[in-house]
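Report on one structure; see the data block that follows.
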Amino acid sequence: MPVAIYLRVSTEEQRERQSIETQREFGERFCHLHELKVHHVYEDDGVSGTVPLEKRPQGSQILRDARLGKFNQLLAYRLDRLGRNTLLIWKAVEDLE
């Protein structure tokens, strides 16, 4: 089954160090290296990690597609792409399961 790739940066992070493109390149290289088929790349550009996944434009789409069984794994550059604190990350993982 294919994997999904999730990319997110906040406006502040963009100014400091990260970019959507850096995360995209990482995800695509990882999938190519491990021969993983990519279902879709979801991108929340300029969205704070303090916003719950279900309230982000592409985050909510990820949850809908996961419920429909369109992918069975989600790849993110770092765990904090899902949330800025442990509770938000845990909630996102729980919703995805």
Side-chain angles (χ1 to χ4, degrees):
M1 180 165 283
V3 301
I5 299 174
Y6 182 57
L7 319 172
R8 184 194 63 78
V9 293
S10 68
T11 305
E12 183 177 311
E13 287 171 325
Q14 290 171 346
R15 286 191 301 262
E16 291 178 10
R17 66 190 182 285
Q18 288 190 12
S19 73
I20 286 289
E21 197 54 41
T22 300
Q23 293 176 45
R24 181 184 307 280
E25 289 172 8
F26 165 79
E28 289 172 353
R29 278 193 226 145
F30 183 90
C31 290
H32 178 75
L33 179 66
H34 295 281
E35 300 178 357
L36 299 171
K37 181 182 173 193
V38 177
H39 159 69
H40 188 73
V41 177
Y42 301 88
E43 180 180 316
D44 277 325
D45 195 353
V47 177
S48 172
T50 61
V51 175
L53 188 64
E54 71 272 8
K55 294 189 179 186
R56 301 177 197 167
Q58 289 293 287
S60 62
Q61 186 62 50
I62 287 171
L63 295 174
R64 284 192 294 274
D65 288 351
R67 286 183 193 108
L68 293 172
K70 292 185 177 183
F71 62 90
N72 68 352
Q73 295 179 61
L74 181 65
L75 178 65
Y77 182 69
R78 291 191 332 230
L79 197 55
D80 71 353
R81 302 300 82 201
L82 294 177
R84 275 298 189 188
N85 65 51
T86 305
L87 186 57
L88 285 175
I89 294 168
W90 178 81
K91 174 78 166 96
V93 170
E94 181 182 54
D95 290 346
L96 285 163
E97 289 181 342

Handout entry: Worked check of side-chain contact (heavy atoms from CB on, under 4.5 Å) between H39 and I5
Key = CA-CA 8 Å; H39 159 69; I5 299 174; over 6 Å; no
Shortest non-hydrogen contact from [X] toward [Y]:
X   : Y   : result
V38 : C31 : CG2-SG, 3.7 Å
Q23 : V9  : NE2-CG1, 3.0 Å
G49 : R56 : O-NH2, 3.5 Å

Side-chain heavy atoms of [X] within contact of [Y], under 4.5 Å:
X   : Y   : value
K70 : H40 : no
R8  : Q58 : no
Y6  : D44 : yes
L63 : L96 : yes
R84 : I89 : no

Handout entry: Residues E43, R24; criterion side-chain contact (heavy atoms from CB on, under 4.5 Å); working and verdict
Key = CA-CA 9 Å; E43 180 180 316; R24 181 184 307 280; 2.4 Å; yes
Practice task
Step by step, work out the side-chain contact (heavy atoms from CB on, under 4.5 Å) result for L74 and L82.
Solution key: CA-CA 10 Å; L74 181 65; L82 294 177; 4.1 Å; yes
Exercise for the section: Show your reasoning for whether side-chain contact (heavy atoms from CB on, under 4.5 Å) applies to F71 and I62. Expected result: CA-CA 9 Å; F71 62 90; I62 287 171; 3.8 Å; yes
Problem - Atom pair CD/CG of E94 and L87 - distance to nearest 0.5 Å - result: 9.5 Å
Exercise for the section: Working to the nearest 0.5 Å, report the span between CG of L7 and CG of L75. Expected result: 9.0 Å
Fill in the blank from the handout: Those residues at least two apart in sequence (or on a different chain) that pass salt bridge (Lys or Arg N to Asp or Glu O under 4.0 Å) with E35 are none
Problem - More than 12 heavy atoms from other groups under 6.0 Å of NE2 on H34 - result: yes
Exercise for the section: May I ask whether V93 and L53 are part of the same hydrophobic cluster, defined by side-chain heavy atoms of I, L, V, M, F, W, Y residues being less than 4.5 angstrom apart, directly or through others? Expected result: yes
Problem - Listed partners of D65 passing side chain to side chain donor-acceptor pair (under 3.5 Å), at least two apart - result: Y42, Q61
Practice task
Apply side chain to side chain donor-acceptor pair (under 3.5 Å) to T50 and list each qualifying residue two or more places apart in sequence or on a separate chain.
Solution key: S48
